Structures are given as structure tokens and as C-alpha cells.
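Everything below concerns the one structure shown next.
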2 protein chains.
Amino acid sequence: MAEARIVDTRERILDAGERLFMVHGYDGTSMRQITSEAAVNLAAVNYHFGSKESLMQEVFRRRLGWLNSERISLLNKLEAESEGKPLKPSQIVDAFFGTLLGIAADESRGGMTFLRLLGRTLTEPSEFIRAVLMDEYAEVLERYKQALFRALPDVPKAEIVWRFHFMLGATSYAIAGTDALRVITDWQIEAEDSTDRLDRLLPRLMSFLLGGLRAPLPQFESVTVDGK
Amino acid sequence: MAEARIVDTRERILDAGERLFMVHGYDGTSMRQITSEAAVNLAAVNYHFGSKESLMQEVFRRRLGWLNSERISLLNKLEAESEGKPLKPSQIVDAFFGTLLGIAADESRGGMTFLRLLGRTLTEPSEFIRAVLMDEYAEVLERYKQALFRALPDVPKAEIVWRFHFMLGATSYAIAGTDALRVITDWQIEAEDSTDRLDRLLPRLMSFLLGGLRAPLPQFESVTVDGK
DNA sequence: TTAAGATTCAAACGAACGTATGAATTGTTT
DNA sequence: AAACAATTCATACGTTCGTTTGAATCTTAA
């Protein structure tokens with residue numbers, strides 16, 4: 001069976017690349033590491049994907065395609081059910097970030113490995129990676145932005161955009177930095193095993209995000225660094 | 001004057017490294033790029049710093065030393081003034097994140113360049129970089145964590161730790177990703193010039209962070225993705 | 001069974017990497 | 001001015017990088 005072999009090789013490369021890019025970053029990962037971990041020949045990456053950059057693109061495309069179409073159809077469903085009335089902010093936030101966090105427990109969608117790769121990549125403004133993310137994300141972000149505008153008609157649009165931005169940051173960091181911060185500090189987050197921690201991350205994060213989204217609007221006059 | 005020359009060379013290297021590490025990351029930046037931008041000889045980095053890794057360490061140490069001692073003394077001052085009573089959460093958040101954001105407008109402390117480097121580095125779990133950050137950050141994080149515990153005696157400590165974590169993420173992303181997200185989407189955040197945007201970032205972020213910090217506690221039972 | 005196509009393989013390519021060296025230059029001290 | 005130390009410089013070292021190549025192997029189909 002030729003197809004099985006091809007798929008195996010391609011997917012083994014994608015899996016290895018996903019994991020290694022997550023741990024060491026794009027520039028910190030070599031083709032030899034990838035092909036070695038995937039147990040394929042060095043030339044296989046260039047044969048199947050063309051180049052290292054194309055491999056990175058495919059690593060993202062494989063996961064983001066599903067994630068974002070899921071987000072879109074979830075939003076469509078919510079809006080269909082609401083019959084023209086604005087959605088609740090919590091519904092929107094839940095749909096966007098809940099779908100994302102749901103990947104953590106689903107190894108077939110990339111699991112924590114892909115989530116952490118995505119989290120760290122959002123702060124790496126490498127030119128071609130930004131292009132890939134922009135390509136995959138533009139439509140989804142626009143749809144959710146508009147939904148939030150309708151859900152919060154009294155909040156200035158600029159403020160909503162910023163707070164969406166902050167929510168993305170808190171989330172991406174909550175995922176990507178989970179281990180990093182635990183090492184940076186020696187915080188003992190009580191005795192939660194890792195599945196417990198994961199189960200509880202979503203409600204914890206959601207409370208935080210909604211609290212931030214619905215916070216009182218800032219006052220811009222006479223603001224100083226020391227808060228006086 | 002020999003000293004002036006030494007300092008010039010060292011600082012030019014540090015400045016160039018800071019900027020290039022911010023743009024391209026550690027692995028994506030070569031010594032030849034750094035020495036070329038700094039207009040010094042290729043061997044100067046190894047002469048003055050010993051290695052590329054040591055240079056990276058020094059780039060952080062140069063800025064984090066001041067930042068964190070500032071944070072500590074600010075907290076000391078606040079606690080001295082409060083005469084044993086717990087601080088207000090907003091004071092603590094202001095002291096920690098306000099000091100950080102204050103760097104943005106202060107070129108002599110690194111400005112936006114260093115802030116964005118710091119932001120993107122927190123999601124890069126490279127071994128030796130983590131060690132540097134841990135070294136510089138451990139004391140400050142512990143002090144502020146304890147202050148938050150006292151300020152919010154009714155909130156479980158694990159919850160506070162998580163929310164501090166989320167706040168760090170929102171902030172780091174707000175800084176590091178400012179341009180990235182503006183490119184990912186084509187959001188027009190009205191007609192604010194960049195200094196206006198910077199002036200308003202702090203109050204905007206602070207409102208969001210405090211809203212998240214003081215949000216209702218999450219309910220862990222029967223939580224589903226769609227929030228029903 | 002055999003020809004054609006798809007995939008894997010070992011080996012090599014030039015380029016760029018971080019680092020080291022020893023001579024040349026500059027600055028300081030006597 | 002001479003001796004000494006500190007710094008800069010051009011150059012080269014050995015490695016590793018991403019990519020390419022052409023032969024070998026495997027799969028599919030006539």
C-alpha cells in the first residue's frame with residue numbers, strides 16, 4: 001500500500017516538526033533533528049514539503065484549518081439560535097477560546113503540543129509565519145470582532161478590540177507558558193495533577209477573560225505610572 | 001579615553017543584540033548581524049562577553065536589574081505607607097505592571113525594543129534563557145505574590161496565582177504582539193498616533209487586568225465548552 | 001512479468017554558523 | 001620615550017545548516 005507509507009512519512013514528519021518547533025522554535029530546530037525524530041531520511045522533508053518553511057506552514061495549516069472552521073460554524077449556530085438578537089459576551093468568548101482550549105485534551109487535533117506551539121508563535125513576528133497565521137486567522141477574527149461589537153453596543157469599538165487583544169494574550173500565555181512560569185517561580189499550585197489542572201484551566205481562564213472584558217472603562221485623564 | 005571606547009563598544013553590541021534578538025529571536029540572529037549593526041569587529045562579542053549566550057544574558061541583566069529593584073522598592077514604599085494594612089489590589093497591579101509599561105516611554109531603559117524582547121522571550125522556553133529570567137524574576141514574583149495574597153484574603157491562593165499568570169500573559173502579549181496582531185487582522189484602532197496609543201495602553205490594560213483579577217470565582221462543576 | 005512512477009536512500013554541495021588566533025593598533029603608565 | 005596592557009582587526013578553523021543529486025528500492029498497473 002503506497003498511500004499508507006506516504007501518509008505515514010508525511011505525518012511522522014509533521015508530528016516531529018510540530019513537537020520540535022514547539023520546544024526549540026523554528027530557527028532552533030534543524031531538519032536533521034526532525035527527520036531523526038520522525039525516523040525518516042533527511043531528504044524526505046524536501047521531497048514531501050519542498051522546504052523547511054513549507055513544512056512549518058503545513059504544520060499550522062493541518063491544525064488551524066479545523067480549528068477555525070469549527071469556530072465559524074459554532075458562531076453561525078449561536079447566531080442562528082439567537083434569532084437576530086445580540087449574543088451574550090460569554091457565549092462569544094466561550095465559543096472562541098473554548099474551542100481553542102478544547103484542543104488541549106484532543107490529541108488528534110494536536111493536543112497541548114500544538115497549543116503551545118501556537119502560543120509561542122504568536123509572539124514570534126517572523127515574516128513568513130505571520131503571513132501563514134494571518135491567512136488562517138483573518139476571517140475568524142473579523143467574525144468574532146463583529147459579534148463582540150453587537151454584543152457590547154455601549155463599549156467603544158477600539159476598547160473591544162484592545163480587550164480581545166488582551167484576551168488572546170492571556171490565553172496564549174496561559175497555554176504556552178504553563179511550564180515556563182512554573183519553573184520561573186516555584187509556585188506550588190496546590191496538589192492538582194495535570195489532567196485536573198487542564199480541566200480547571202478553562203473555567204479559570206474564562207472567568208478571568210470575562211472579568212476583563214466587562215471591566216469598567218479606563219479613564220484616560222491624568223494617568224501616571226505610579227498610579228497617584 | 002579607553003573607558004569611553006570600551007563602554008561604547010560594549011553598549012553598541014548590547015543595543016544591537018537587544019534589537020535583533022527582539023526582531024529575529026535568539027537563534028535567528030547571528031553574531032555577524034550583531035557586529036555588523038553595531039559597527040564593531042566580529043570578534044568583539046567574544047572578547048567582551050565571552051559567547052553569544054553570555055551576550056544574551058547580559059542584554060537581559062542590563063534591563064531587568066533596574067526594573068526589578070524598582071519594583072521591589074516601590075512595593076516596600078507602598079507597604080511602609082499602609083502601616084500593616086493590606087494594599088489594594090490596584091496598587092499592587094499598578095506597581096508591578098505600571099513599572100514595566102513605564103519602560104516603553106523610557107529609551108534609556110530599553111524602551112519598546114526591550115519590552116517586546118521580554119514579551120516574546122517569556123514564551124521561548126529555551127533552557128539557558130529560562131535560567132536567566134528565573135534568576136532575575138524569582139524574588140520579585142514572590143514578593144508580589146505574597147502581597148496579592150494579603151490583599152485578597154478571601155480568594156484561594158491557587159486562583160490568585162493563576163490570575164497573576166493570566167495578567168502576565170495579557171501584558172506580555174499586549175507589548176510583544178502589538179504589531180503582530182495589527183498585521184494579522186486589519187483592525188483600525190481609530191486614528192491614534194503611536195504616542196497616543198502608548199499613553200492609553202497602560203490605563204486600558206490596567207482596567208482589563210483588574211477586571212480579570214476581581215472577576216467572580218469560576219465554578220468547576222459541570223462545565224461545558226458551550227457554556228450552557 | 002515488465003515498464004513506469006513514486007518514494008527512499010546515502011552522499012555531497014556551498015553557505016553560514018560560533019569561536020579562536022595572533023598580529024596590529026590604541027591607550028595607559030612609568 | 002619606552003614598556004605594558006587593553007582593544008581591535010583580518011583571517012581562518014571545524015561544524016552544522018538547508019538543500020540537491022542520482023542511484024536504489026518499492027508500488028502500481030498493463
Side-chain angles (χ1 to χ4, degrees), chain A residues 1-60 62 117 121 124 126-129 131-132, chain B residues 1-60 62 117 121 124 126-129 131-132:
Chain A
M1 295 168 90
E3 285 184 29
R5 282 263 304 288
I6 297 172
V7 172
D8 269 4
T9 298
R10 276 183 57 100
E11 299 242 316
R12 274 212 308 277
I13 292 172
L14 287 170
D15 289 344
E18 186 173 71
R19 201 189 72 80
L20 289 167
F21 287 149
M22 178 270 283
V23 175
H24 302 113
Y26 176 78
D27 288 306
T29 303
S30 71
M31 316 236 70
R32 286 165 178 83
Q33 283 178 274
I34 295 171
T35 52
S36 165
E37 172 152 329
V40 301
N41 187 269
L42 170 60
V45 173
N46 287 283
Y47 176 78
H48 285 284
F49 299 96
S51 68
K52 187 186 177 186
E53 286 204 358
S54 301
L55 169 61
M56 179 69 151
Q57 289 186 30
E58 193 53 35
V59 165
F60 278 99
R62 172 170 75 144
L117 172 62
T121 305
E124 282 186 28
S126 157
E127 203 49 60
F128 85 95
I129 295 180
V132 176
Chain B
M1 293 171 81
E3 284 185 28
R5 282 262 305 289
I6 298 174
V7 171
D8 271 3
T9 297
R10 277 182 58 101
E11 299 241 315
R12 275 212 308 277
I13 292 172
L14 286 170
D15 289 343
E18 186 173 70
R19 201 190 72 79
L20 289 167
F21 287 148
M22 180 269 283
V23 176
H24 302 114
Y26 177 78
D27 288 306
T29 303
S30 71
M31 316 236 69
R32 285 164 179 82
Q33 283 178 276
I34 295 172
T35 52
S36 165
E37 172 152 328
V40 301
N41 188 269
L42 170 61
V45 173
N46 287 284
Y47 177 76
H48 285 285
F49 300 96
S51 69
K52 188 186 177 187
E53 287 203 358
S54 301
L55 169 61
M56 180 69 151
Q57 290 186 29
E58 193 51 35
V59 165
F60 278 99
R62 171 170 76 144
L117 171 62
T121 304
E124 283 186 27
S126 158
E127 202 49 60
F128 85 95
I129 295 180
V132 176

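For the numbers below, each heavy atom of this structure counts, side chains included, while hydrogens, waters and symmetry mates do not. As the structure is a prediction and not an experimental result, all values here were calculated from the model.
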Tell me every residue that passes side chain to side chain contact (heavy atoms under 4.5 Å, CB included) with A:S36, counting only those two or more places apart in sequence or in another chain.
none
In Å, rounded to the nearest 0.5 Å, how long is the span from NE2 of B:H24 to CD1 of B:I34?
11.0 Å
Using the side-chain hydrogen bond (donor to acceptor under 3.5 Å, both in side chains) rule, collect all pairs that involve residues 37-47 of chain B, keeping only residues at least two apart or in two chains.
B:R19-B:E37
For B:F128 and C:dG18, give me the distance from atom CZ to atom P, rounded to whole Å.
12 Å
Which residues satisfy the ring pair (Phe, Tyr, Trp, His ring centres under 6.0 Å) test with B:F128, sequence neighbours excluded?
B:Y26
D:dT8 phosphate, OP1 or OP2, under 4.0 Å from B:H48 side-chain N/O
yes
Without decimals, in angstroms, what is the distance between A:Y47 OH and D:dA24 P?
18 Å
Quick one: salt bridge (Lys or Arg N to Asp or Glu O under 4.0 Å) partners of A:E53, sequence neighbours excluded?
none
Given D:dC17, is OP1 or OP2 found less than 4.0 Å from the side-chain N or O atoms of A:S30?
yes
For A:R62, which residues count as a salt bridge (Lys or Arg N to Asp or Glu O under 4.0 Å) partner, sequence neighbours excluded?
A:D15, A:E18
Please report, rounded to the nearest Å, how far the C1' atom of D:dT16 is from the CD1 atom of A:I34.
15 Å
Sub-3.5 Å pairs of nitrogen or oxygen atoms, protein against nucleotides 19-23 of chain C:
residue : atom : partner : partner atom : Å
C:dT19  : OP2  : B:K52   : N            : 3.0

A:R10 CZ to C:dT8 P, in whole Å, measures 11 Å
Figure out the CZ/P separation between B:F49 and C:dG18, and round it to whole Å.
15 Å
When we call it a touch if two heavy atoms are under 4.0 Å apart, what does A:T29 touch: a base, just sugar-phosphate, or nothing?
sugar-phosphate
